[in-house]
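What follows is a short report on a single structure.
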There are 4 protein chains.
Amino acid sequence: MSPRRRDSESTAAARAERRAGLLATAAEVFASRGYAATTVREVADAAGILGGSLYYHFDSKESMVDEILSTFLTDMWAAYDRVLGSGLGARETFQELVTESFRMIDRHRPAVVIYQNESKHLAANPRFGYLQESQRRFRETWLAVLDRGVLDGEFRADLDTGLIYRFIRDTVWLAAGWYRGDGPLSAEEIARQYIAMVLEGILST
Amino acid sequence: MSPRRRDSESTAAARAERRAGLLATAAEVFASRGYAATTVREVADAAGILGGSLYYHFDSKESMVDEILSTFLTDMWAAYDRVLGSGLGARETFQELVTESFRMIDRHRPAVVIYQNESKHLAANPRFGYLQESQRRFRETWLAVLDRGVLDGEFRADLDTGLIYRFIRDTVWLAAGWYRGDGPLSAEEIARQYIAMVLEGILST
Amino acid sequence: MSPRRRDSESTAAARAERRAGLLATAAEVFASRGYAATTVREVADAAGILGGSLYYHFDSKESMVDEILSTFLTDMWAAYDRVLGSGLGARETFQELVTESFRMIDRHRPAVVIYQNESKHLAANPRFGYLQESQRRFRETWLAVLDRGVLDGEFRADLDTGLIYRFIRDTVWLAAGWYRGDGPLSAEEIARQYIAMVLEGILST
Amino acid sequence: MSPRRRDSESTAAARAERRAGLLATAAEVFASRGYAATTVREVADAAGILGGSLYYHFDSKESMVDEILSTFLTDMWAAYDRVLGSGLGARETFQELVTESFRMIDRHRPAVVIYQNESKHLAANPRFGYLQESQRRFRETWLAVLDRGVLDGEFRADLDTGLIYRFIRDTVWLAAGWYRGDGPLSAEEIARQYIAMVLEGILST
DNA sequence: CATGAATGAGTGTTCATTCAT
DNA sequence: AATGAATGAACACTCATTCAT
């Protein structure tokens with residue numbers, strides 16, 4: 001490795017690190033104020049620079065959310081695919097997917113909040129076509145798990161799986177709105193309680 | 001009734017009807033595009049008038065959401081209070097509250113969507129202080145039902161009621177995002193399935 | 001006089017009276033809030049009718065000021081012409097013109113205030129060409145009186161009459177800004193004090 | 001002085017200079033068109049930039065007049081206080097205050113015009129409370145000078161000082177409406193003539 | 001005569017974005 | 001990398017004016 005190469009690598013790495021830091025800041029602000037309601041200046045203020053300076057790092061405000069959301073979704077699908085590829089039964093797959101979802105909230109909380117609040121509006125933009133694609137796949141995945149569970153006799157036969165899917169999807173991601181990483185409950189603990197509720201119900205037996 | 005009174009009544013009624021119609025239009029647009037992202041001109045376009053004309057009927061964009069949300073909340077609390085005052089046990093109260101919630105979604109769908117998406121940001125404005133108050137009361141009400149159910153032995157003793165409350169709150173209102181009054185499922189049918197899931201779980205027994 | 005004519009006369013008279021009443025109201029509002037800053041609705045509110053209703057009586061907001069100002073100026077020039085045609089000397093003419101000016105303030109206070117505050121801006125509009133014409137004649141008249149007074153030896157020979165004219169013009173009309181018809185001083189009393197100051201100075205002798 | 005300090009000083013100075021230049025332009029436009037009737041775009045046009053660009057330098061149209069007027073008043077009171085603190089008699093104080101006033105017109109002509117035309121309306125806004133305070137002090141100052149002059153026997157005993165004060169106030173500031181710095185008369189020359197008129201009258205002796 | 005609803009041009013202001021330095 | 005000044009389109013809102021009733 002020549003010093004020259006060393007330099008260009010370290011500057012490229014430094015640049016990537018700066019981008020990531022700025023994106024983390026932006027995600028936090030977008031999540032708390034809402035993407036549309038957040039001004040570029042607010043993001044810049046939070047990062048300690050001037051509004052115009054952000055444009056050295058990013059093409060536009062839109063490209064910031066874009067990167068935030070796609071990073072999160074890539075990570076999420078990697079985790080989901082790991083679960084789906086491990087040959088578990090419906091019930092165990094259910095448990096693992098829920099658990100991974102809460103872990104995602106733990107790791108990407110601002111991104112999940114943005115995803116939950118803004119993806120419906122953003123999806124109208126062709127640039128964010130992958131959001132619709134991801135939602136389609138998400139639905140497909142969950143329905144398959146639920147349907148197989150019914151078929152295998154693990155889940156109740158009278159379930160409207162389309163309906164149950166919607167309830168699950170909504171609750172899982174909305175937890176990002178109130179989850180605090182520093183609170184008393186770990187992501188795994190929350191997942192356990194949630195799984196217990198959905199699998200066994202809240203009635204005493 | 002003199003003709004005079006008749007006239008003033010009918011014009012007052014006509015005015016109220018026009019307001020209500022415009023508010024319904026505004027609610028629809030706010031719900032689908034988001035309050036902040038919706039321009040006054042878009043609302044006016046949807047109503048078939050010009051932007052400025054809305055200001056003959058309303059003071060501001062803000063006063064429109066205000067009226068939309070407070071009308072919904074007033075109606076909702078009337079229904080909730082009817083249930084809470086009828087002396088039912090925890091489990092039946094739970095069922096009735098959930099059912100009423102889905103009926104609200106049926107009757108006030110756009111308002112519920114707005115409430116769900118925007119109330120966090122709007123609540124920062126003193127004018128919308130009633131949103132925080134309503135949320136506080138909502139939480140109090142549901143926690144009381146859940147806690148009593150645990151105490152009475154109707155609900156499982158190991159529930160983290162604070163956590164369950166959050167899950168219920170999220171799912172119930174988020175259903176407004178996908179519910180269609182003209183779809184195959186009535187509000188009562190959706191409520192029944194939801195109640196079954198939460199009370200008994202999705203496992204086969 | 002036929003009853004027919006009587007009717008049309010009385011309605012014409014009633015209409016003229018209504019106009020005059022509305023104009024008096026408008027003048028008051030224009031004077032206190034400023035012409036540009038006053039909305040048509042404010043004038044209508046003060047008159048106890050709705051904004052649009054004013055347009056039954058007047059073509060436009062502009063035509064209201066127009067009528068207010070031209071009525072005042074017509075009255076003023078009639079009084080000035082009476083003085084100028086009575087063959088008085090420079091000093092007595094001076095005294096009489098000042099006295100008439102203060103009487104004008106007494107009778108047309110709101111109009112004078114509007115004239116003072118707005119005529120400079122209105123004069124740019126061709127419709128108000130008579131304002132410039134009136135100002136020209138006003139200057140001519142006063143300069144003639146001052147110059148004759150100097151020539152006749154009644155006024156000091158070292159006066160810059162152009163300068164003195166401006167001072168007089170400004171003070172005389174500006175008095176409309178603070179004069180109250182119901183205050184302790186009559187228009188004639190104020191005129192006397194003003195004349196004494198300008199003619200003899202404020203030094204003790 | 002390090003280059004660093006040099007830089008930050010020169011940019012801060014450049015910024016202040018730009019502000020001052022824009023304010024001078026704004027004052028000119030406000031004075032000639034009237035504050036309310038002037039649009040922000042007109043100010044910007046006069047400055048050779050676009051409407052929105054003004055908001056990089058100023059918070060609002062209001063904050064521009066605010067700065068214009070308060071700068072003028074601060075300067076004026078500094079000059080007045082210098083005169084009042086120099087232990088002169090009533091007559092000489094009178095002469096010096098008048099002279100300083102005309103010098104103010106010379107230096108702050110547009111600001112004086114705005115002050116004269118708009119302060120009555122602006123004073124209704126709490127932000128401009130200092131206008132009322134300044135007017136109160138102005139009146140107090142002049143009345144004290146006139147009253148002392150009467151007491152000391154320098155001014156005529158039969159003066160209604162309240163009335164004379166109003167005349168003086170009006171004329172002095174209204175001169176800003178016609179004074180041209182490049183005209184034939186200097187501020188001091190105008191002051192001399194004005195003082196002569198008020199002190200000794202215009203009658204020949 | 002007056003109302004009530006609407007128009008449409010224009011106002012102050014915001015904000016994502018650009019670019020010379 | 002970042003600044004600071006500017007752009008220009010868009011926004012919420014205002015208001016003189018119109019007109020059917």
Separation of atom CD in Glu42(B) from atom C1' in dA12(F), rounded to whole Å: 13 Å

Length of the CZ-C1' vector between Arg19(C) and dA2(E), whole Å: 17 Å

N/O donor-acceptor pair under 3.5 Å between Ser53(B) side chain and Ile49(B) backbone: no

Length of the CZ-C1' vector between Phe30(C) and dC15(F), whole Å: 13 Å

Beyond-backbone contact of Leu73(A) with Leu131(A), side-chain heavy atoms, under 4.5 angstrom: yes

Residue whose closest nucleotide on DNA chain F lies nearer the 5' end, Asp59(B) versus Ala37(B): Ala37(B)

Interatomic distance, Phe58(C) CZ vs dC1(E) C1' [rounded to whole Å]: 13 Å

Reference residue Tyr35(B); test side chain to side chain contact (heavy atoms under 4.5 Å, CB included); the match among Met64(B), Lys61(B), His121(B): Lys61(B)

Sugar-phosphate, base or nothing in reach of Leu50(B), heavy atoms under 4.0 Å: base

Asp45(B) CG to dA10(F) P, straight-line distance once rounded to whole Å: 14 Å

From dT7(E), dC13(F), dT13(E), nucleotide with atom closest to Ile49(B) side chain: dT7(E)

Whole-Å gap separating P (dA6(E)) and OH (Tyr56(B)): 8 Å

Base of dG10(E) paired with side chain of Arg41(D) (donor-acceptor, under 3.5 Å): no

d(CE, Met64(D); C1', dT13(E)) in whole Å: 10 Å

Nearest listed nucleotide, side chain of Lys61(D), among dA5(E), dA6(F), dG12(E): dG12(E)

Options dC13(F), dT11(E), dT17(F), nucleotide nearest the side-chain atoms of Ser60(B): dC13(F)

Phosphate OP1/OP2 of dA2(E): any Arg18(C) side-chain N/O under 4.0 Å: yes

Which residue lies more 5' along DNA chain F, comparing Leu22(D) with Gly51(C) via nearest heavy atoms: Leu22(D)

Leu122(B)/Glu62(B) under side-chain contact (heavy atoms from CB on, under 4.5 Å): CA gap, chis, key distance, verdict: CA-CA 9 Å; Leu122(B) 291 175; Glu62(B) 205 179 73; 5.7 Å; no

Interatomic distance where CG belongs to Leu54(A) and C1' belongs to dT3(F) [whole Å]: 13 Å

Between Arg18(B) and Tyr56(B), a side-chain donor and acceptor under 3.5 Å: no

For DNA chain F, stems built from three or more consecutive Watson-Crick or G-U wobble pairs below 3.5 Å: E:2-21 with F:2-21

Spacing of the C1' atoms in dT21(F) and dC1(E) (rounded, Å): 13 Å

Presence of Arg15(D) side-chain N/O under 4.0 Å of dA5(F) phosphate oxygens OP1/OP2: yes

Distance test, side-chain N/O of Tyr55(A) to OP1/OP2 of dT18(E), below 4.0 Å: no

Passing option when Arg33(A) is tested against Glu118(A), Glu28(A), Glu42(A) for salt bridge (Lys or Arg N to Asp or Glu O under 4.0 Å): Glu42(A)

Sugar-phosphate, base or nothing in reach of Ser63(A), heavy atoms under 4.0 Å: nothing

Candidate pair Arg19(B) and Phe58(B), rule side-chain contact (heavy atoms from CB on, under 4.5 Å), full reasoning: CA-CA 8 Å; Arg19(B) 272 180 82 85; Phe58(B) 304 99; 3.7 Å; yes

Sugar-phosphate, base or nothing in reach of Ser53(B), heavy atoms under 4.0 Å: base

Gln116(A) backbone acceptor or donor facing Ser119(A) side chain under 3.5 Å: no

Under 4.0 angstrom between His57(B) side-chain N/O and dA6(E) OP1 or OP2: yes

